[in-house]
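One structure is given below, encoded as structure tokens.
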4 protein chains.
Amino acid sequence: MSAQRALRSDAKRNVEALVESARTHFAESGVDAPARAIADTAGVGVGTLYRHFPQRSDLVIAVFQHEVDACAGAAPELAATLPPADALVAWLRRYTDFLGTKKGLGKALHSGDPAFEALPEYFLANLRPALESLLVAAEAAGEIRSGVNAKDFLYAIANLSVPVVDDASGGGNDMVGLLIDGLRHTARS
Amino acid sequence: MSAQRALRSDAKRNVEALVESARTHFAESGVDAPARAIADTAGVGVGTLYRHFPQRSDLVIAVFQHEVDACAGAAPELAATLPPADALVAWLRRYTDFLGTKKGLGKALHSGDPAFEALPEYFLANLRPALESLLVAAEAAGEIRSGVNAKDFLYAIANLSVPVVDDASGGGNDMVGLLIDGLRHTARS
Amino acid sequence: MSAQRALRSDAKRNVEALVESARTHFAESGVDAPARAIADTAGVGVGTLYRHFPQRSDLVIAVFQHEVDACAGAAPELAATLPPADALVAWLRRYTDFLGTKKGLGKALHSGDPAFEALPEYFLANLRPALESLLVAAEAAGEIRSGVNAKDFLYAIANLSVPVVDDASGGGNDMVGLLIDGLRHTARS
Amino acid sequence: MSAQRALRSDAKRNVEALVESARTHFAESGVDAPARAIADTAGVGVGTLYRHFPQRSDLVIAVFQHEVDACAGAAPELAATLPPADALVAWLRRYTDFLGTKKGLGKALHSGDPAFEALPEYFLANLRPALESLLVAAEAAGEIRSGVNAKDFLYAIANLSVPVVDDASGGGNDMVGLLIDGLRHTARS
DNA sequence: AATGAATGAGCTTTCATTCAT
DNA sequence: CATGAATGAAAGCTCATTCAT
């Protein structure tokens, strides 16, 4: 029994290493990153990559979901260690980081490949509750204004934080900062 | 002499065909579109492509500048044929179309390749005056609110019109429409 | 002790399943059929295949001998249940079936690999006596002509039944039928 | 004009080298011979192989037709330099050599790939007239028996000369020899 | 003894780039 | 100047074979 588990844990470690490696390569070179490079970074042979992710879309999906999970998972952790408003701010930073990584996946996600159809739903299903819990807590503490819609907020930040035209003076993230500040300073509005 | 001129005009025609072909392919398949495909669509051999654009970045830059020129050039044309506010709206639509095409170039532009460093400046140097002239005319006519900063507006629309996360309810472009409507309806603010 | 026997019978079952599976795959896809497919069809892991047949040639030989054995073994069975001439005809059909399967092995057998050197001898050592017994019985019963050489007959049918050039009018097998008919109808020659 | 021809002649030389190389490799290793090996032997890059023969079947067909052409083309040459019966015999030897090479193509030809459908017809359309001309001449000279059907003879030799079971005592080709001898010695039958 | 995960060589195929014509 | 044939590096993917469990 334990012997079987040992084999599985090896395989599991490989899968995790592959997803982590793919995440890095996707962020740097887009989703067309060479399979060999991904396998090398993960410390496995290409065959192992193909065993676990026969289609490239399988790997893209795994990375995306892994990212969403990690981002959503950060919410309760932050809520447990920071005051409500700080937790919210910290999580929004975390979320914008995630969006930065996701940029590489963009083209693939909109490629029309049916394999990716479920991803937007997955995105919303996991991140909306995560943000909502933080918003509610901050509202309850009177630290931010009330009535903020989690879904709209999620999209608004997504749009603001992925500038197409690089403003040398630093547009995008500053606007996110502004948005966050706005939330806090209008707590009594 | 005339033979040389004929040759030059041939070459010029080839260059134009190549830029136009590249524009189409970049928009459809990104900047990694096969050189052969670009050459074929342009009706020339690949050798000709490489003669005029030894580096792929040369072609990317040419396409980008061509697009910026075309977009900027539309401003006076529209100003000449439409009432100020309509000209402004029409040009903003033209600008969002340009942004859509430019999406494909995004990754290349942010690749860190020094060849692309000058492009943001080129973008601003050409489009800001174009927008400014339209804004000034519309303001002068009392058709829109005053005090709109051309540069900020350019960036804001860029960010709004290229949604990373597809909001099923439409988000991005609707916000652009909203922005434009806002300009007009607050003319007297 | 009984545990060991049980183990052995398991192993034996695996070997048989592998040979049977290999026979099928060889017939369909040639001797280069994927090891994984053979193992899967046999219901075992690839490791088991390699344990019992370290070299591919080991498996090819096993299949060939298995086929020869089965074909040779059919002779006494048929002789016991059919009149001599019918048994002969039935066995010849069985033999041509075998030849059909063997086609897939052909290239391997003639590859010059020393592992296969003994196979022609095995072929003859088993099938000649099988055919001879049937011929003798039929001759003795006066149902076929006498003086037919078993070895020559074996080869003649082999050559006739594996047409290289497809005659649309059906050459090969019809000629085998003709040969058999000839045997019977010239019983008194 | 001549410049263009020069380029074409290079390309033509490459095509010929590729067909010749493929013929050799197909004969030795079957039609699955590595593309790289074929290209190397031909002294060209793999890309050149794929330029001229995008599909493997294209190459197989080219080799087959090249072989048929060469074999058919040998008939008039032999007829011009040898007495009718000798020319016939010499050509039949040439034909059996061709059949030997063709063995490697066999599996591909019967694979059901529609690309190969036209080949049997090509085979017959070229080789039947070649053989017929030689038979007629030999008959006219009274050197062989008359009434031999070229198509049947073509198939008969094909079947006889490609033994599936290697007769150590040399079956196949001897039977062809016998057949030929039979033709000659029954000239007056 | 059986399993199947892992490996990596090897194959097909594509395509950027060069260069002879 | 234009052409497009040729090149060969690079990448995806498969599968024979090994070996830890």
Side-chain angles (χ1 to χ4, degrees), chain A residues 1-15 32-40 42-56, chain B residues 3-4 6-8 10-11 14 32-40 43-56, chain C residues 3-4 6-8 10-11 14-15 32-40 42-56, chain D residues 1-15 32-40 43-52 54-56:
Chain A
M1 208 161 70
S2 63
Q4 295 241 345
R5 295 267 169 117
L7 194 57
R8 279 191 191 166
S9 73
D10 270 18
K12 194 179 174 187
R13 200 168 306 145
N14 282 338
V15 168
D32 292 329
R36 184 120 10 158
I38 296 171
D40 285 352
V44 304
V46 281
T48 303
L49 189 163
Y50 281 97
R51 164 178 289 273
H52 294 297
F53 305 98
Q55 308 292 331
R56 172 149 304 237
Chain B
Q4 292 236 344
L7 224 45
R8 276 189 192 167
D10 270 18
N14 282 341
D32 293 329
R36 179 91 36 118
I38 296 171
D40 285 353
V44 304
V46 279
T48 303
L49 189 163
Y50 279 96
R51 165 175 298 277
H52 293 299
F53 304 98
Q55 307 293 330
R56 165 132 328 213
Chain C
Q4 292 237 343
L7 227 42
R8 277 189 193 171
D10 269 17
N14 282 340
V15 168
D32 292 328
R36 178 93 36 122
I38 296 171
D40 284 353
V44 303
V46 281
T48 304
L49 188 162
Y50 280 94
R51 166 175 297 274
H52 294 298
F53 305 98
Q55 307 293 330
R56 169 142 314 225
Chain D
M1 209 161 71
S2 63
Q4 295 241 343
R5 296 265 168 121
L7 195 56
R8 279 189 191 169
S9 73
D10 269 18
K12 195 179 174 187
R13 200 169 306 145
N14 281 339
V15 168
D32 293 329
R36 179 115 19 147
I38 295 171
D40 285 352
V44 303
V46 281
T48 304
L49 190 163
Y50 280 95
R51 164 177 289 274
H52 293 297
Q55 308 292 331
R56 173 152 300 239

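All chains are named by letter (A, B, ...) in the order of the sequence lines, taking the proteins before the strands, and each is independently numbered beginning at 1. These values consider heavy atoms only, across backbone and side chains, with no hydrogens, waters or symmetry-generated copies.
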For atom CG of D40(C) and atom C1' of dA2(E), their distance in whole Å: 14 Å
Is H52(B) near enough to dC1(F) that one of its side-chain N or O atoms lies under 4.0 angstrom from OP1 or OP2? no
Can you list the stems that include DNA chain F, where a stem is three or more consecutive Watson-Crick or G-U pairs with distances under 3.5 Å? E:2-21 with F:2-21
Once you round it to whole Å, what is the distance between C1' of dA16(E) and CD of Q55(B)? 11 Å
Which parts of nucleotides 7-12 of chain F does protein reach within less than 4.0 Å, heavy atoms only, written one letter per nucleotide 5' to 3' as B for base, S for sugar-phosphate only and - for none? BBB-SB
For A35(C), which residues count as a side-chain contact (heavy atoms from CB on, under 4.5 Å) partner, sequence neighbours excluded? L49(C), Y50(C), R56(C)
Distance-minimising heavy-atom pair for A33(C) and I38(C): O-CD1, 4.0 Å
Report the distance from atom CD1 of I38(B) to atom C1' of dC15(E), rounded to the nearest whole Å. 12 Å
